[in-house]
Amino acid sequence: MPAPQPLLLSQAAELTRTGDIWLFRGRSSADRAIQTVTNSPVNHVGMAVVLDDLPPLMWHAELGRSLPDVWVGEHRRGAQLHDLSSAVTTWVTRYGQRAWFRQLDFEVDRATEDAVLRTIARMDGTPFPSTVGLMGRWVGSKKLVRTLRRSGRTDEAVALETAYCAEIVAMTYQAMELLPGDRQPSWYDPGRFWSGDSLSLQRGATLGGEIRVKLDDPTTEDVGA
C-alpha cells in the first residue's frame with residue numbers, strides 16, 4: 001500500500017484528535033545514536049489532546065523551555081502540555097526534526113477524556129527522573145549514554161528526554177485503558193509507537209499508519225525533508 005500523501009501542519013491539526021500519536025525523527029549525531037540503540041526510526045513521541053473548542057494540544061516531555069506549558073502558563077521542563085502547532089513547528093525548525101502523526105481509531109468518550117485530564121493534572125510539570133534512576137528503569141539506556149558520548153555528547157540529557165517522553169505517552173494510554181496496566185511504562189521507547197513495532201492496543205483500538213506532516217511555509221521546513 002503506498003504511503004499517504006504528506007499533509008500540511010494546518011491540515012493535520014484540523015484532523016488530529018485526542019490519542020493521536022505524533023512522532024519525530026532528527027538527523028543529528030545524538031538523534032541517530034538514539035535511533036540506533038533503540039532500533040527505532042524516531043527519537044521523540046507525543047500525544048494529541050483535543051478538547052472542545054480549544055486548539056489542538058501536544059502532551060509530551062522535553063528538556064527545552066521554548067514554549068509555555070498551557071496547563072499552568074509557565075515555561076518549564078519535563079512533562080508539558082503545549083499548543084500542538086507551535087510544538088511541531090519548534091521541533092521542525094529549532095530541533096531539525098521531521099514529523100509524522102498516527103490517527104487513533106477509537107471513540108474517546110467523556111470518561112476516557114477525564115482519564116487523560118487526570119493524568120495530565122498528576123504528571124504535568126513532573127521533572128525528569130535523575131539519570132541514575134532512569135538508567136535503572138530503561139533497558140538500553142546505559143548503552144545509549146555510551147553511544148551518545150562517542151558521538152560527542154558528554155551528558156545524558158538526550159537519553160533522559162528520549163526515554164521519558166515515551167513513558168509519558170505510555171502512562172496516558174494506560175490511563176485510557178488502551179495499553180495493559182501490568183507493563184511498566186519504562187518498557188516503552190518512542191519506536192514502540194511506530195508502525196514497524198507491534199503495539200497491541202486494548203478496547204478494540206487501532207493506530208493508523210504514519211502520515212508525514214510538513215510546515216505550511218516551505219521556507220521554514222527542515223532541510224532535506
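Nothing here was measured: the structure is a model prediction, and the numbers come from that model.
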### Query
Any chance the side chains of Gln97 and Asn43 put a donor and an acceptor closer than 3.5 Å?
yes

### Message
Same cluster or not: Trp187 versus Met171, using hydrophobic residues (I, L, V, M, F, W, Y) connected whenever any side-chain heavy atoms lie under 4.5 Å apart?
### Response
yes

### Task
Can you measure from OG (Ser66) to OH (Tyr95) and round to the nearest 0.5 angstrom?
3.5 Å

### His60 and Trp91, any side-chain heavy atoms less than 4.5 Å apart
yes

### Task
Of all the heavy-atom pairs spanning Ser85 and Leu9, show the shortest one and how long it is.
O-CD2, 3.6 Å

### Query
In terms of hydrophobic clustering (I, L, V, M, F, W, Y; side-chain heavy atoms under 4.5 Å; direct or indirect links), are Val108 and Trp59 co-clustered?
yes

### Task
Taking the side chain as every heavy atom from C-beta outward, state whether Leu178 and Phe106 have any pair of such atoms under 4.5 Å apart.
yes

### Query
So which heavy atom on Val169 is nearest to which on Met47, and how close?
CG2-N, 4.2 Å

### Query
Is the Tyr173 ring parallel, tilted or perpendicular to the Phe193 ring (thresholds 30°, 60°)?
perpendicular

### Query
Can Tyr164 and Glu62 be counted as having a side-chain donor-acceptor contact under 3.5 angstrom?
no

### Query
Is Leu207 reachable from Val50 through a run of I, L, V, M, F, W or Y residues, each pair having side-chain heavy atoms under 4.5 Å apart?
no

### Message
Working note: Ile211 + Gln103, criterion side chain to side chain contact (heavy atoms under 4.5 Å, CB included); need CA distance, chi angles, decisive distance, verdict.
### Response
CA-CA 9 Å; Ile211 301 174; Gln103 293 177 290; 3.8 Å; yes

### Task
Give the minimum heavy-atom separation between Cys165 and Ala61, together with the two atoms involved.
CB-O, 3.6 Å

### Task
Just do the side chain to side chain contact (heavy atoms under 4.5 Å, CB included) check on Val92 and Val88 with the steps written out, would you?
CA-CA 6 Å; Val92 170; Val88 174; 4.3 Å; yes

### Gap separating the CE atom of Met176 from the CD atom of Gln202, nearest 0.5 angstrom
12.0 Å

### Task
Might you point out which heavy atoms bring Thr16 and Ala48 nearest each other, and give the distance in Å?
OG1-CB, 3.4 Å

### Query
Between Val116 and Thr18, what is the shortest heavy-atom contact and its length?
CG2-CG2, 4.3 Å

## Note on the structure
Checking Val45, Ile168, Leu179 against Tyr188 for side chain to side chain contact (heavy atoms under 4.5 Å, CB included), the one that qualifies is Leu179

### Whether Asp216 side chain and Ser10 backbone form a donor-acceptor pair below 3.5 Å
yes

### Task
Not counting sequence neighbours, list each pair that qualifies as a salt bridge (charged side-chain N to carboxylate O under 4.0 Å, His left out) and has a residue in residues 108-120.
Arg110-Glu113

### Query
Checking ring-ring contact (aromatic ring centres under 6.0 Å, His included) for the pair Trp194/Trp100: CA distance, chi angles, key distance, verdict?
CA-CA 10 Å; Trp194 185 263; Trp100 291 263; 5.4 Å; yes

#### Entry: Heavy-atom closest pair, residues Pro190 and Ala166
N-CB, 3.6 Å

### Query
CG of Asp69 to CG of Asp124: how many Å apart, nearest 0.5 Å?
4.0 Å

### Query
Less than 4.5 Å apart, any side-chain heavy atom of Arg212 and any of Phe101?
no

### Message
Quick check: do Pro180 and Gln174 have side-chain heavy atoms less than 4.5 Å from each other?
### Response
no

### Task
Flag yes if Leu51 and Leu67 sit in one hydrophobic cluster, no otherwise; membership is Ile, Leu, Val, Met, Phe, Trp, Tyr, and two members link when side-chain heavy atoms are under 4.5 Å apart.
no

## Note on the structure
Only residue of Arg25, Arg102, Arg98 satisfying salt bridge (Lys or Arg N to Asp or Glu O under 4.0 Å) with Glu210 is Arg102

### Message
Could you see if Leu199 belongs to whatever hydrophobic cluster contains Ile21? Use Ile, Leu, Val, Met, Phe, Trp, Tyr and a side-chain cutoff under 4.5 Å.
### Response
yes

#### Entry: side chain to side chain contact (heavy atoms under 4.5 Å, CB included) between Ile120 and Thr172, worked out
CA-CA 8 Å; Ile120 293 172; Thr172 308; 5.9 Å; no

### Task
Determine yes or no for a side-chain-to-main-chain donor-acceptor pair under 3.5 angstrom, with Asp20 supplying the side chain and Leu104 the backbone.
yes

### Query
Backbone N or O of Gln11 within a donor-acceptor pair of the Glu14 side chain at under 3.5 Å?
no

### Query
So, His75 side chain and Arg65 main chain: donor-acceptor pair closer than 3.5 Å or not?
yes

### Task
Give a yes or no on whether the backbone of Gly191 and the side-chain of Asp189 come within a donor-acceptor separation of less than 3.5 Å.
yes

#### Entry: Audit row: Leu215, Thr89, side chain to side chain contact (heavy atoms under 4.5 Å, CB included) steps and yes/no
CA-CA 7 Å; Leu215 300 187; Thr89 299; 4.0 Å; yes

### Minimum side-chain heavy-atom gap Leu81-Val49 below 4.5 Å
yes

